[in-house]
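Before any comments, here is the structure.
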Amino acid sequence: MTDDVDLDVEGLAGDGERAIAGAHSTEVLAQVETEYLGKRSALTRAHRTLGALSPEARKEAGRHLLEVRTRLEARLADRRAVLVEAERGEALRADRLDLTEVIPDQVRSAPSRGHLHLVTQARAELEDVFVGMGFSVAEGPEAESDWYNFEA
């Protein structure tokens, strides 16, 4: 029975390594990990059958199962590191800002200097209306004292 278990475990290990190498994202890699190293995986079922073996065969088969599990875990860790780095790089490229904006020559030659305040614009329009009606615009202080407005 140990030979059957060893053959199944080796085939499982080969399948697991191919699945790990073929994973193209961390989500797929997590599914592969569950499939080959999870609680309901074939490797775990093989580990549960060790109790039916003789002590010598159990020792050898247990050692072999541990080596396979360790090898798959190492492959998973290596592949996860590569995939995480690739996904991080892709996220950085997607979030990158292009600060090298080219400004057309027309805009560059006439820089924008802002605009007048809305109250100032309205005052200028009203002055134009009254000047058109024949009134004149007198310049002076905007606020006068009581003396100059009423008593003088």
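Note that this is a predicted model, so its numbers are computed, not measured.
Listed by chain and residue number, Arg93 satisfy the salt bridge (Lys or Arg N to Asp or Glu O under 4.0 Å) test with Glu90 (two or more places apart in sequence, or in another chain). Arg63 meets the side-chain contact (heavy atoms from CB on, under 4.5 Å) test with Lys59, Glu60, Glu67; sequence neighbours excluded. Under the rule for a side-chain contact (heavy atoms from CB on, under 4.5 Å), the partners of Asn149 that lie at least two apart in sequence or sit in another chain are Glu144. Residues passing the side-chain hydrogen bond (donor to acceptor under 3.5 Å, both in side chains) test with Thr26 are Glu87, sequence neighbours excluded. Considering only residues two or more places apart in sequence or on other chains, Ser145 meets the side-chain contact (heavy atoms from CB on, under 4.5 Å) condition with Trp147, Tyr148. Among residues two or more places apart in sequence or in another chain, the side-chain contact (heavy atoms from CB on, under 4.5 Å) test is passed with Thr120 by Leu116, His117. Remark: Glu85 engages Arg88 in a salt bridge (Lys or Arg N to Asp or Glu O under 4.0 Å) (not counting sequence neighbours).
Between atom CD of residue Glu151 and atom CG of residue Asp146 there is a gap of 5.0 Å, rounded to the nearest 0.5 Å. Taken to the nearest 0.5 Å, the CD atom of Glu73 stands 8.5 Å off from the CG atom of Leu66. Going from atom CG of Leu29 over to atom CZ of Arg79 covers 7.5 Å, rounded to the nearest 0.5 Å. Here the straight-line distance linking atom CG of Asp78 with atom CD1 of Ile20 works out to 9.5 Å at 0.5 Å rounding. The structure places NE2 of His115 at 6.5 Å from CD of Gln121, a figure rounded to the nearest 0.5 Å.
Taking a 4.5 Å side-chain heavy-atom cut-off between Ile, Leu, Val, Met, Phe, Trp and Tyr, the cluster of Val131 extends to Val137.
For residues 13-33, no pair satisfies ring-ring contact (aromatic ring centres under 6.0 Å, His included), with sequence neighbours left out. Judged as a salt bridge (Lys or Arg N to Asp or Glu O under 4.0 Å), the pairs with a partner in residues 13-38 (not counting sequence neighbours) are, in order, Asp15-Arg18, Glu17-Arg71, Glu17-Arg75, Glu33-Arg80. Every pair passing side-chain hydrogen bond (donor to acceptor under 3.5 Å, both in side chains) that includes a residue from residues 126-136 is listed here, sequence neighbours excluded: Arg123-Glu127. Contacts classified as salt bridge (Lys or Arg N to Asp or Glu O under 4.0 Å) and involving residues 36-54 (residues at least two apart or in different chains) are not found.
Closest of all the heavy-atom pairs between Leu12 and Ala42 is CD2-CB, 3.6 Å. Between Val32 and Ala19, the closest heavy-atom pair is CG1-CB, 3.8 Å. Nearest heavy atom pair, residue Val68 against residue Glu10, reads CG2-OE2, 3.9 Å. Pairing each heavy atom of Thr44 with each of Leu37, the nearest pair is OG1-O, 4.4 Å. Closest non-hydrogen pair, Ser41 versus Thr34, comes out as CB-O, 4.3 Å.
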